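Data first, discussion second: the structure below is written as structure tokens.
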Amino acid sequence: MNREQIRQAVLEVLREIAPEADPASIDPHVSLRDQLDIDSMDFLNFLIALDKQLHVDIPERDYGQLTNLDACVNYLMDRRAGQPNQ
Amino acid sequence: MAEFVMPQLGADMSAGTLTCWRKQVGDAVHRGDIIAEVETEKGNIDVEVFSDGTIEKFLISPGERVPVGALMALIREDGPPTRAAQSSAAPAGGTLPESATAPSERPKIVPGRRAERHAVERLAISPSARRLARELGVDPAIVHGTGHGGAITRKDIEQAATSKSTTNVPADRSARIRQTIAAAMSRSKREIPHYYLSTTIDMHRALEWLSEQNAKRPVAERILYGALVLKAVAFALREVPELNAVWQDGNVVLKKQIHVGVAVSLRQGGLVAPALHDTDELTLDELMQRMRDLVNRTRAGSLRSSEMSDPTITVTSLGEQGVESVYAVIYPPQVAMVGVGKIVERAWCVDCKVVPRRVVTVTLSADHRVSDGHRGGVFLAAVDRLLQEPEKL
């Protein structure tokens, strides 16, 4: 998957978590939690859905890296680059 | 003959609208079966029946709004339906006896039959749009989707609703929810003499233990620290049972089972606090999975009546909003509420040394007719003590 595909996958998951939000209006540099008012349960659901879609199990110690949309995509790109047959 | 009445799905509920019957006259029912779907201010609730028997007669039609306690159906507690009931049974696929008033003009989004419901769920429609469709009485199966890949969006549902000639859903639902909450909270403040206690709990051991546990688990099995707090509250209630009670007709009624209500904020505004049944008897893993399911269903507007009516105490957590202390307003007829603030790092004295520690402020709001500060203090001390041994929760 290329960067844009990963970005779209993340946005698709965010649409499920915050259906009232307009994906086009998400600022990629601003905290997702602040923009979308997502709490720890929403965040856990977000991670579970990303794992399902992209086969990336994100450890707790890395949660702090997933602050905004760009940071999520960068992280997922790096993780997937290190996985076989991705 | 057992009577099935409109249940009280929360202290702030005075009436509900029957959306649809999930059974037919002549069907056998067992305690816990879903018999109806009822629309309330908090969303659509699946209502359970609490007696075994056979449905004798429906007395209310879908679309009708009835007050709490109004008779809705009769259930014969032994044997098949009477000959009279069978002759007035609904036709196949229907749910109304012949003598019922005309069916509601609002089409049912979630019909009683499982196959039809699954068909609706297979449509490309977001949870939010599906929820809106139910609120506005729009059948998504006949809506043209304009979203990605033909998905049905909220805008599609709104446009479909405005093109319909009739709808019996009030325009401003958020305002109605707000009014309902206002009524309940005003009543609470008027009738319940609240007292408030708070304690600050060292969460170091609990959070370290949780980190170790979660490091070994795939993401779908990880535990949030809120689950630890709920379990500690449930165990503490075993030690201070007078906080696990309701105030009814001038008396305190202690509850044998502990069903902790979990305050869930709705994305569209408003708050619902459904019960995690038998919280003290769940393993931590079970509690976490059930809490996750409960929160997700609450936000999707898909709760059961027992989840709305059964909480024996409520826990509300505002830590993620940056709040350090929560002084909650008790949700009647409950007699206590626990507030959890945000975890902060503070200078803390451990073995005569000052060290940084992650701590949280937990508060108790309690009904002074039922308990005094001493017992409230015992409860908070128990919560603190239990959180120092998270492996035992």
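Below, read A as the first sequence line, B as the second, and so on, with proteins coming before strands; counting in each chain starts at 1. Predicted model, so just to flag it, every value in this text is computed and none were measured.
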For this session: Pick one of side chain, backbone, both or neither for Ser211(B), based on which atoms fall under 4.5 Å of a heavy atom in chain A.
Result: both
Chain B contact via [X] - side chain, backbone, both or neither, heavy atoms under 4.5 Å:
X: Asp51(A); answer: side chain
X: Leu50(A); answer: neither
X: Tyr63(A); answer: side chain

Problem set entry | When Gln321(B), Met291(B), Glu320(B) are compared by non-hydrogen pairs under 4.5 Å with chain A, the top option |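 Most pairs with chain A among the choices: Glu320(B).
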Exercise. In terms of heavy-atom pairs under 4.5 Å, which option from Arg292(B), Arg154(B), Arg131(B), Arg267(B) contacts chain A the most?
Worked result: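 Heavy-atom pairs under 4.5 Å are most numerous for Arg267(B).
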Exercise. Where along residues 18-27 of chain A does a heavy atom come under 4.5 Å of chain B, listed by residue number?
Worked result: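 Checking residues 18-27 of chain A against chain B gives Ala18(A), Pro19(A), Glu20(A).
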Seminar exercise, completed: Closest non-hydrogen contact found for Leu224(B) with Ser40(A) is CD1-OG, 4.0 Å
Problem set entry | Distance in Å, Ser265(B) OG paired with Asp39(A) CG, rounded so as to fall on 0.5 Å steps |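 Separation between the atoms: 6.0 Å.
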For this session: Would you please go through residues 294-301 of chain B and name the residues with a non-hydrogen atom below 4.5 Å from one of chain A, in numerical order?
Result: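 So far as heavy atoms go, Val295(B), Asn296(B), Arg299(B) are the residues that approach chain A to under 4.5 Å.
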Problem set entry | chain B interface, residue from Asp37(A), Leu44(A), Asn45(A) that has the most non-hydrogen pairs under 4.5 Å |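 Looking at each of Asp37(A), Leu44(A), Asn45(A) in turn, Asn45(A) comes out on top.
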Exercise. Which residue out of Arg33(A), Arg61(A), Glu12(A), Glu60(A) racks up the most heavy-atom pairs below 4.5 Å with chain B?
Worked result: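 The option with the most such pairs is Glu60(A).
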For this session: In plain terms, say whether Arg217(B) and Asp57(A) are close enough for a salt bridge, that is, a side-chain N and a carboxylate O under 4.0 Å apart.
Result: no
